[in-house]
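Presented below is the structure to which this report refers.
Throughout, residue positions are numbered sequentially from 1 according to the sequence presented. Since we're looking at a predicted model, the values are computed, not measured.
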Amino acid sequence: MGFIGLLFWMILFVLCWPLALLALVLWPLAWLITLPFRLIGLSVEAVFALLKAILFLPARVLGWRESR
């Protein structure tokens with residue numbers, strides 16, 4: 001989203017510069033607020049991956065391979 005986000009911000013800056021500057025100031029604050037939720041999501045995803053690995057361990061030991 002890097003280049004596209006910059007392009008949208010430039011268009012917003014041309015159309016309404018106070019709103020663009022407000023978005024520029026508030027973006028790091030929004031990033032900090034959402035950081036704990038992303039960490040929780042990462043942890044939950046890791047727990048599910050661990051559960052999947054534990055549940056499929058007997059099949060892997062017996063020689064089953066996931067087809068790709």
**Message:** Nearest 0.5 Å, please: how far is CG in Leu55 from CG in Leu50?
**Reply:** 9.5 Å
**Asked** Same hydrophobic cluster for Leu26 and Leu32, using side-chain heavy-atom links shorter than 4.5 Å among ILVMFWY?
**Response** no
**Asked** Distance from Trp17 atom CH2 to Leu22 atom CG, nearest 0.5 Å?
**Response** 11.5 Å
**Asked** How many angstroms lie between atom CG of Leu57 and atom CD1 of Ile54, to the nearest 0.5 angstrom?
**Response** 8.5 Å
**Request:** Supply the atom-to-atom distance Ile11 CD1 to Phe13 CZ, rounded to the nearest 0.5 angstrom.
**Result:** 13.5 Å
**Item:** Shared hydrophobic cluster for Leu51 and Val44 (ILVMFWY, side-chain gaps under 4.5 Å)
**Value:** yes
**Asked** Could you give the distance from CG (Leu21) to CG (Leu24), rounded to the nearest 0.5 Å?
**Response** 6.5 Å
